[in-house]
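The residues of the chain are indexed from 1 along the displayed sequence.
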Amino acid sequence: MLRLLPRRRPGRPRTAALFTAASLLTGSVAAGALSVAAPAHADAIGDCTPTTGAIVAVDYGHWNGPVLRGCDAHPTTGMNLLHNAGFSTTGTVHDGEGFICRIGNDGFDGGTARPTAADEACVLTPPADAYWSFWIAPAGQDTWTYSPLGALSDQPQDGEVEAWTFGPTDLGGSTGGPSFTPDSVRAQGGTQPPTTPPTTPPTTPPTTPPTTAPTTPPTTPPTTAPTTPPTTPPTTPPTTGPSAPAATTPDLAKGVAYLINRGDLIDGHYYESSSGQHTGFADFGLTIDGVLALSATGGADDTLAGVTDFLQHGKDGTGRGIDDWTLIGTSYAQGGSLAKEALAAQVTGADPRAYGGHDLIAALDGTVCAAADTSAGCAAKGNYAYAASVFSQSLGVIAQIRAGEAAKAAGPIAYLESLQKGDGSWPSLIPATGDSDVDSTAVAMMALDLVPGDAAAHAVAKGAAWLAGRQLADGGFHGAAGDSVNSAGLALQGLGLAAKAYAPQIAKARAFLAGEQNPDGGFRVASDSDDKHSDVRASAQAVSGAAGTSFGTLLRDLADQKAVTAGAAYLVKQLAGGDHLSNDYGPDYGLTADVALALAATGRQDTALTKVTAYLAGHAADYADPAGTSAYPGPYSGATAKLAVLAEVMGQDPRRFGGFDLLGTLTGHVCAAAAEDGSCTAPGDFSQAYSTVSQALGVLALARAGETPPAAAVGRLAGLQCADGGFSSTLITAGAACASDVDTTGYAVQALVLVPGQADTVAAARAYLVKAQQRGGAYQGAAGTSSNSTALAVQALLATDKLRPEPARGGQKFLRSVQNGDGGFRITDEAGDSDLRSSTQAVPALAGTSLTTLTHALAPVTPSKGDGDGDGSNGGTSGGSSGGGALAATGTGALAAAGLAALLLAVGGAFTAARRRTGQHNGRHQ
C-alpha cells in the first residue's frame with residue numbers, strides 16, 4: 001500500500017551506527033544477520049543482445065570507481081539480474097534483501113561491497129541522500145526512468161537495461177540519475193560509460209518520479225491458483241442504489257481469494273517481498289496491508305485470524321518476528337511501523353495495549369518527538385521518530401486517536417496539519433520536498449477526519465477537492481507507478497469521506513479498478529505499465545479502496561464476527577420455506593424484515609437474503625397496505641417505513657418496492673391534527689404509526705434515502721424525548737408523563753442522527769444510553785436484563801460515534817455471553833432457549849452496523865409470494881417473547897378476516913376502533 005520512496009534516516013555518528021547494528025542482531029554480532037546474497041556465475045556479456053536478455057550497469061563513481069556492467073540471458077527479477085551479472089547485494093536488518101543497501105563486484109576494489117560498514121551500518125533504510133537508486137530503460141528507450149518497483153518485484157524484459165547509482169535522488173527525479181545514457185551500456189551498445197562520478201545531473205530526467213520506500217517493495221505475481229477460497233462471500237461495498245454492472249465495480253470475492261492464495265500468503269500467515277520465491281523473509285508492512293484489506297471486505301475471517309496470530313506470536317522463515325521490524329524496545333523504535341501494527345490490532349478488535357506481549361500505544365506515545373533532532377529520527381516537534389513519510393505520520397495519528405489518546409496526539413496532529421499545502425494536498429516525504437502526493441493526501445485525510453473541530457474538517461474538505469481534481473480521464477490517479485491502482489484505491493477511501501459530494505469521481509475510480517483486475521482476482525500495478533501481472537501490494541490496496549472504508553474507522557472485530565456467523569446460520573434455519581417467519585396467526589412480516597436486516601448486516605447468506613427480500617416485496621400490500629385497500633385500510637406507517645429501510649439497505653428502489661412508492665406514502669400521510677379513531681395522536685404523527693418506534697422508522701427511511709423528512713414529523717419525534725434524554729415508547733401528548741425506554745431511544749437516535757439540527761437531541765439521548773448501561777454492558781428491558789434492548793442501544797451508540805465507543809464494546813461483550821450453542825441469543829443472561837426476536841437484534845449489533853449506514857446491495861429482486869404461507873411447518877415460528885418482557889416488536893401485517901375479532905382480543909391487533917381511540921398499539925405493523 002505504501003509507495004516506494006526512499007525513506008530519510010537521520011544521520012547519527014558512525015560509531016553509534018555500528019554499535020546499533022551489533023546490538024540489534026538478536027544475540028549475535030555476526031554480519032550474517034544482514035541479508036547478503038552472493039553473485040552467481042556471471043553470464044558472458046555477449047550472451048545478451050539488443051533483443052534478448054538484459055544488461056545491468058552499476059556506477060561506483062561515488063568512490064572514484066568505474067561503471068561495471070553485466071548480462072543475464074534469462075532474467076526473472078532485477079535482483080536476479082544483478083546476481084547473474086556477477087554482483088553481490090546486501091539488504092538491511094530492518095527491511096531485508098528487498099532494500100539493497102550494498103552492492104559489490106570483483107571488478108572494483110577486490111569485490112568489497114559499497115558502501116562499507118564504516119559508512120553505512122545497513123540496519124535501517126539508508127537516507128535519501130546516500131542510497132542505491134534504481135533506474136530502468138526498456139528496449140528502444142534512451143532515457144532513464146526511476147523504477148517504481150524494488151529489485152525483487154522488477155521483471156526485466158528482453159533488451160532492457162537497468163542501472164544502479166549511489167547518491168542523492170530528489171523526489172522530482174531531476175537529479176541523481178545515471179551520468180550515462182542507456183544506449184551506452186546496452187547490449188552491443190556504443191561507447192563505454194564514464195568511470196568517474198558525474199559532476200552535473202543527467203540531461204534527461206526520468207519519465208516518472210521516484211516513490212516512497214516502505215519497508216519492502218511490492219511483490220511479484222502469484223505462481224499458483226488460490227487454494228483457500230473465502231469461507232463466506234465478502235460484504236458488498238457501500239452503494240446508494242442497485243448493484244452496478246460487473247464491469248463498473250471490482251469483484252471483491254475474487255480479490256479476497258487472490259489475497260489468501262497460499263502461493264503468496266506463506267503458510268497462510270504472511271507475505272514476502274519476493275512473491276513466489278519463498279525466501280522466508282516476511283514483509284510485515286505488506287502483511288498488515290493484507291489484514292486491512294481482508295478486514296474491509298470480510299469473507300476470510302479464519303485466514304485473517306491466522307495472520308493476526310502470526311503478527312502477535314509468529315516468526316518468519318528466517319526467525320524474524322514483527323518486533324524485528326518495529327524495533328520496539330530499542331532507541332530506534334520506528335514510529336510508523338508501531339502505528340501500523342497498532343492499527344492492525346485495532347481494526348481486528350484486539351487490544352493494542354496488550355498485543356504480542358507489548359503495549360503498542362505506550363511505545364507509539366514514546367516516539368512522539370519533543371523537538372527536531374535528526375540524531376533521534378525527529379524532523380520536527382510532533383513527528384513520530386523515524387516516521388519519514390506523511391503516510392507513517394498519518395497512521396500514528398489514527399492509532400493514537402483510536403486508542404483514546406487524542407491529547408497525546410495533539411502534537412502529531414498539529415504537525416500533520418502543518419504539512420498540508422495551500423492547494424489542499426500533502427507531500428509524501430518528511431521533511432517535505434515540495435511534491436504533492438495522492439496516496440499521502442488520502443491517508444492524511446483519513447487521520448484528520450477523526451479530529452473534532454472545524455479546522456480539521458476544513459483540511460479534509462480541501463484534501464478531497466484536491467484529490468478530485470487529480471483524477472485522470474480513465475478514473476485512475478497518478479502515482480509512482482504511473483496510472484496507479486494503489487493510488488486509485490487510496491483516493492477512493494479519501495473521497496469516501498465525502499461520498500455524496502464526490503459520487504461521480506468514486507464511480508469512475510471503482511470502474512478503473514474493475515478494469516485493472518485480472519482473471520485471477522488480483523490487480524495490476526498500473527494501467528499504463530507493460531507488466532500486466534497481478535501484484536499483491538496493489539491488490540491489497542485496491543480491495544481496501546473498493547470496499548470504501550477509511551482506515552480511521554475500519555473495524556472487523558474477529559470475536560464479534562465469529563458470533564455473527566453462528567447467529568446468521570441460526571436465523572436462516574428459522575425461515576419457513578426459506579423466505580419468511582410465521583407465528584400462530586400467520587406470516588410475521590415485521591420479524592421477517594428484522595431477519596433480513598440482520599442477514600444484511602453480516603454480509604453473508606445472500607441466497608437466503610434474496611429470497612426473504614423478494615418475499616417481503618411480494619407481500620408489501622399484506623404487511624403495510626400502502627394503498628389503503630385492505631378491509632382495515634392502511635397505510636400502516638411503521639410497516640411502510642420498515643419496508644422502505646429494507647429496500648434501501650438491499651439496494652432496491654423504495655419508490656418502487658413491491659409496486660409501491662413507500663417514501664411517497666410516508667410523506668403523503670403526515671397528520672395535521674389528532675384523529676378520534678386514534679390513527680393520529682398529534683400533529684406530525686405518521687398516520688397509523690401507533691408507537692414512537694414507528695415514528696422513528698419513518699424519519700429514518702426518508703433521511704436515509706436523501707429525502708428531507710417533513711419538519712412536523714421530525715418535531716413530533718423530537719418532542720417525545722423525556723427530561724432524562726430517553727424517549728417515550730408511546731406517542732404521548734404534550735405535557736403527559738414521560739417514561740424513557742431503551743429500545744425506543746435506540747431507534748430514535750438512529751433516525752435523528754441523520755437529520756440536520758438535531759445534534760443536541762441526539763447528544764442527550766446518547767448520554768441517557770451511556771448512563772442506563774449496567775455493569776457487564778447490558779441494558780434493562782421491560783422484564784429485566786435484555787439482549788434485545790442491549791443490541792438496540794449498541795446500534796444507537798455506533799450511529800453517534802465515528803469510532804466504536806467503550807459502552808458499545810461492553811454491550812457487544814454482553815451479547816456474546818448470552819449466545820447459545822445453536823447460534824441464537826437468549827433474552828436475558830439466565831439460562832434458557834434462544835429467542836428469535838432478540839437474535840435478529842443481536843446479530844447486527846455484533847456485526848458493528850447501525851440502521852443509519854447498513855448497506856448490502858443485492859441484484860434487483862422479483863417480488864414473490866413464496867410457498868407455504870402461514871403454516872410455519874418448515875420451521876420459522878416467531879413465537880412469543882419467552883418471558884423477556886416487551887421487545888421492540890415489529891411483527892405481522894394485515895391478517896386474515898377469519899377469526900379477526902378473537903385474534904385482536906388475544907394479541908392486541910392494530911385494527912379495532914377501540915384500540916385506535918385509545919391511541920395504543922402493539923407494534924404489529926412496525
Side-chain angles (χ1 to χ4, degrees), residues 4-9 11 17 34-39 54-70 77-83 85-105 107-109 111-137 144-154 156 161-171 173 175-180 182 185 193 197-198 201-202 206 209-217 273-274 388 480:
L4 299 178
L5 275 172
R7 295 190 301 160
R8 176 268 304 156
R9 185 195 65 192
L34 298 175
S35 181
V36 181
I55 293 289
V56 62
V58 178
D59 186 357
Y60 289 99
H62 184 82
W63 300 276
N64 295 317
V67 173
L68 300 178
R69 64 176 186 158
T77 67
M79 186 75 78
N80 178 260
L81 171 57
L82 274 168
H83 296 165
F87 295 91
S88 64
T89 61
T90 303
T92 66
V93 172
H94 183 257
D95 301 321
E97 64 177 342
F99 197 104
I100 293 178
C101 184
R102 299 187 186 120
I103 303 178
N105 186 281
F108 175 60
D109 198 18
T112 301
R114 297 301 181 108
T116 65
D119 294 321
E120 172 56 59
C122 292
V123 176
L124 306 179
T125 309
D129 60 353
Y131 79 106
W132 284 105
S133 59
F134 182 27
W135 307 80
I136 59 176
W144 292 109
T145 299
Y146 189 100
S147 175
L149 303 176
L152 285 168
S153 298
D154 170 65
V161 61
E162 301 186 347
W164 293 82
T165 183
F166 191 87
T169 302
D170 80 313
L171 189 61
T175 62
S179 60
F180 47 89
V185 292
T211 62
T212 55
T215 60
T216 46
S273 301
S274 50

Could you grab the distance from atom [atom1] of [X] to atom [atom2] of [Y], nearest 0.5 Å is fine?
{"X": "Phe99", "Y": "Thr89", "atom1": "CZ", "atom2": "OG1", "result": "12.5 Å"}
{"X": "Thr90", "Y": "Ile103", "atom1": "OG1", "atom2": "CD1", "result": "9.5 Å"}
{"X": "Met79", "Y": "Phe87", "atom1": "CE", "atom2": "CZ", "result": "13.5 Å"}

**Request:** Over 60° means perpendicular and under 30° means parallel, so classify the ring planes of Phe166 and Trp132, tilted if in between.
**Result:** perpendicular
**Prompt:** Do the ring planes of Trp144 and Phe180 sit parallel (below 30°), tilted (30 to 60°) or perpendicular (above 60°)?
**Reply:** perpendicular
**Request:** Examine distances only and state if a side-chain atom of Arg102 and a backbone atom of Pro115 form a donor-acceptor pair shorter than 3.5 Å.
**Result:** yes
**Message:** Among Thr165, Asn105, Leu82, exactly one meets side-chain contact (heavy atoms from CB on, under 4.5 Å) together with Val58. Which residue is that?
**Reply:** Leu82
**Prompt:** So do the side chains of Pro126 and Thr92 get within less than 4.5 Å of each other, counting heavy atoms only?
**Reply:** yes
**Message:** Which heavy atom of Asp59 sits nearest to which heavy atom of Ser179, and what is that distance?
**Reply:** OD2-OG, 3.9 Å
**Prompt:** Passes side-chain contact (heavy atoms from CB on, under 4.5 Å), Asp154 versus Leu81? Steps please.
**Reply:** CA-CA 10 Å; Asp154 170 65; Leu81 171 57; 5.8 Å; no
**Fill in**
Sorted by chain and residue number, the ring-ring contact (aromatic ring centres under 6.0 Å, His included) partners of Trp164 (sequence neighbours excluded) come out as Phe134
